[in-house]
Amino acid sequence: MKIQHQTSVTAYKAGGFIGRYQRLIKDIVLPCQYSILCDEAPDTEKSHVVQNFINAGKVLRQAGENPAAGECGDGFYGMVFQDSDAAKWIEAAAYCLSLFPDEKLEETADRLIDIIADAQDTDGYLNTYYTIKDQDKRWTNLLEGHELYCSGHMMEAACAYFEATGKRKLLDVMEKNAEHIYTHFITQGHEGCPGHPEVELALLKLYRLTNNSHCMELAQHFINTRGEDPHFFEKEKEKRNWHVWNNDPVNTDYMQASKPVRTQSEAVGHAVRAVYLYTAMADLASSTDDGELFDACRRLWENITRRRMYLTGGIGSTVLGEAFTVDYDLPGDTAYAETCASIGLMFFASRMLENEIDGEYGDISEQAFYNTILGGMQLDGRRFFYVNPLEVIPGISGVSPTHRHDLPQRPKWYACACCPPNAARLIASFGKYAYGENADTAYCHLFAAGEVSFENGMKFTCETAYPYGFDIIYKIEKGGKLAVRIPGWSRTFQITIDGSPVSIKPQKGYVYLSVTDGTVVTLTLDDKPQFRYASTKIPALTGKTAVCRGPLVYCFEGVDNDNDILSLSLIRNGNLTASDYQENLLCGTATITADAIRHTDAAQETAGTKLYTDCPPTAAFCQAVAVPYYTWGNRGENQMRVWMEEALSAPPETFL
Ligand code: FUB
Ligand code: ZN
């Protein structure tokens, strides 16, 4: 039975902290990214995305010739999945259009959709890499080829654009594309599932919107056949004489294809692939009431969130294969923690909520969103992190062979640009994750200011300065049953209805209230900064502590701490003091000041040339200043650390 749906909130008009971010996406991020997709941004990594679609259209109209002309010009440029950048951009534009109608943006998106539609072959096939480079290679390399991945992203864009504008053009293109895929894999019976899951979750969206049963059948087919024949990708490789990166088809963990999905229990392989797959599995489990599939999702969810996730909601701890490793292997300085992987984790959480209402899904969504996902974008919306380490030391990070992937500054764009437009579409669609509903209940999973209307008739305005204010006020316009998540991090909470405190015990992380028109519900959460400790099973983190406030993980940067955070230790049970909200700091934030010890090399010579000495360092009491992790790297190149050494408290006279 479907418990609730994220997609049925009819309207969400943003405000507050999230609203400001969504405006930034519309006003800055989308125009900047579009100019990059059109190769019009100066001093920026080349994209060629739009030109690839134009060139593919030309190829199709010049049937019989082979106009592929090298790496650019009339040819194809970029990654085999370059098309997906355009898809994510359109999807983000669609969400922005439903929040902030804008003719110019809609015209730009319409134009891009026309170009994309022109690049579709008459049989429904749509992919610029193969159309331009070699049409005979279609569907011969599911391991690396990304045709289904690109289709999936374009299907998601089509659904979002239709929902936002009522325009069917891209939806029709992608339904036709789905029929093409159906013919290939179902009617003609070609074997295989995508090396990179994504199309499964997209087909389920497309099915929900169009009611086209082929979409549901295909999604089920791809989910159910994955891992049935673990040698499929080896056999596929033997049949072809070309490759993209020459990926190893034997390493089936990489694409979660070592065993059938219902028997999987550990999150393995490429982290984005994993969470996109688990999202589809959870979606299918709720849509078809498949308890066995849900049990697998639950095991995978627990494996990720209890043993393989960073405090910041980052997942995938190694650069090698952009992948999960093993339980408790979560080093901060060499972390991978791709932005897309945390976005996928939010997708997974949202589909788990469709199976069962449990506050932990919102808790993890917030952890991923307010830390890794927001941190993935510079505060001005013009630069992006792909990799999100928890510690950065300029000179080592981005330089040492073991740390080359952990950059101390956000680049404008990437040759592999999956993350920037993914962040745009996620932030712009925050309302879908914040609110959900079923026939008689409006669910508030995350806290987002704005006006919200539900298909079940309920309507309210939410006012909050969250994550910097800890009162969340719901002004009910049309009443019903209201379910509000109480975050796991909040040690205390209080609820008032029309100003009178009420005592309600949360059930699995939610309080349920009956509210009538005109009622005002106020939830007050714990605003105190807190220390966080990691399990002693995580070797990288023994003896360390981190600082959080609400959903925000904090970090210490050199610029706030005499340009040296390496010699700082936080004092156990020391004072943690949150500042007032500072409008002019880092686009508006609150700092946390912590009692700390600053160590200084005792022997003069070790401060200079020697690496090691038998003299202990001197220690002096000081105040260390932390800022939210999502704001790091916005003030030039800087040391940054989330997990700090902890000093057990000691009498003041021991401090020199
Ligand atoms: O393969 C497509 C995307 O590129 C993946 O999701 C990212 O991890 C990056 O490898
Ligand atoms: Zn990415």
Side-chain angles (χ1 to χ4, degrees), residues 29 33 36 45 47 49 52 78-89 91-92 127-129 141-154 156 193-202 233 243-248 251 253-257 267-280 312-325 335-348 368-369 372-377 383-389 405-407 410-427:
V29 178
Q33 294 195 351
I36 295 171
E45 181 80 45
S47 162
V49 162
N52 284 340
M79 294 281 169
V80 66
F81 48 84
Q82 205 79 345
D83 292 1
S84 60
D85 296 346
K88 289 179 194 165
W89 185 91
E91 191 183 338
N127 189 293
T128 70
Y129 178 90
N141 188 349
L142 300 187
L143 175 65
E144 307 169 305
H146 282 72
E147 285 153 298
L148 291 166
Y149 171 88
C150 290
S151 285
H153 277 300
M154 203 59 83
E156 288 198 83
C193 63
H196 195 314
E198 151 64 26
V199 77
E200 302 86 341
L201 74 88
F233 292 107
H243 59 79
V244 181
W245 303 283
N246 208 11
N247 278 4
D248 176 10
N251 178 11
D253 272 359
Y254 177 72
M255 54 284 194
Q256 301 78 40
V268 293
H270 185 271
V272 182
R273 290 169 202 239
V275 279
Y276 282 14
L277 170 66
Y278 308 153
T279 300
T312 49
I315 53 172
S317 53
T318 178
V319 61
L320 300 172
E322 309 181 302
F324 288 105
T325 59
Y336 201 70
E338 182 179 340
T339 309
C340 286
S342 290
I343 291 170
L345 184 59
M346 264 187 91
F347 296 163
F348 185 22
F369 180 79
T372 298
I373 299 172
L374 287 188
M377 186 168 81
R383 288 174 173 268
F384 301 87
F385 276 135
Y386 187 125
V387 170
N388 297 280
H405 55 286
D406 287 305
L407 305 179
R410 294 170 183 81
K412 283 191 199 159
W413 202 246
Y414 294 85
C416 169
C418 50
C419 300
N422 220 2
R425 70 177 179 140
L426 192 279
I427 294 168

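Whatever order the structure lists them in is the order used to number ligands and atoms, beginning at 1.
Using a 4.0 Å heavy-atom criterion, the residues that approach ligand 1 are Phe81, His146, Tyr149, His196, His270, Val272, Glu322, Glu338, Tyr386, Cys416, Cys418.
The number of protein N/O/S atoms found under 2.8 Å from the Zn ion (ligand 2) is 4.
Shortest non-hydrogen contact noted between Tyr254 and Gly321 is CE1-O, 3.5 Å. Taking all atoms of both residues into account, the shortest heavy-atom contact from Ala337 to Gly314 is CB-CA, 3.9 Å. Closest approach of Arg383 to Arg410, counting heavy atoms only: NH1-O, 2.9 Å. Annotation for Glu338 and Asn388: closest pair C-ND2, 3.9 Å, computed over non-hydrogen atoms.
Between the SG atom in Cys419 and the NZ atom in Lys88 there is a gap of 7.0 Å [rounded to 0.5 Å].
Between the Glu144 side chain and the Asn246 main chain, a donor and an acceptor come within less than 3.5 Å of each other.
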Might you work through the side-chain hydrogen bond (donor to acceptor under 3.5 Å, both in side chains) test for Ser317 and Thr325, ending with a clear yes or no? CA-CA 6 Å; Ser317 53; Thr325 59; 3.2 Å; yes
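Side chain to side chain, Tyr386 and Glu322 meet the donor-acceptor criterion of an N or O pair below 3.5 Å.
The closest side-chain heavy-atom distance from Trp413 to Ser47 is below 4.5 Å.
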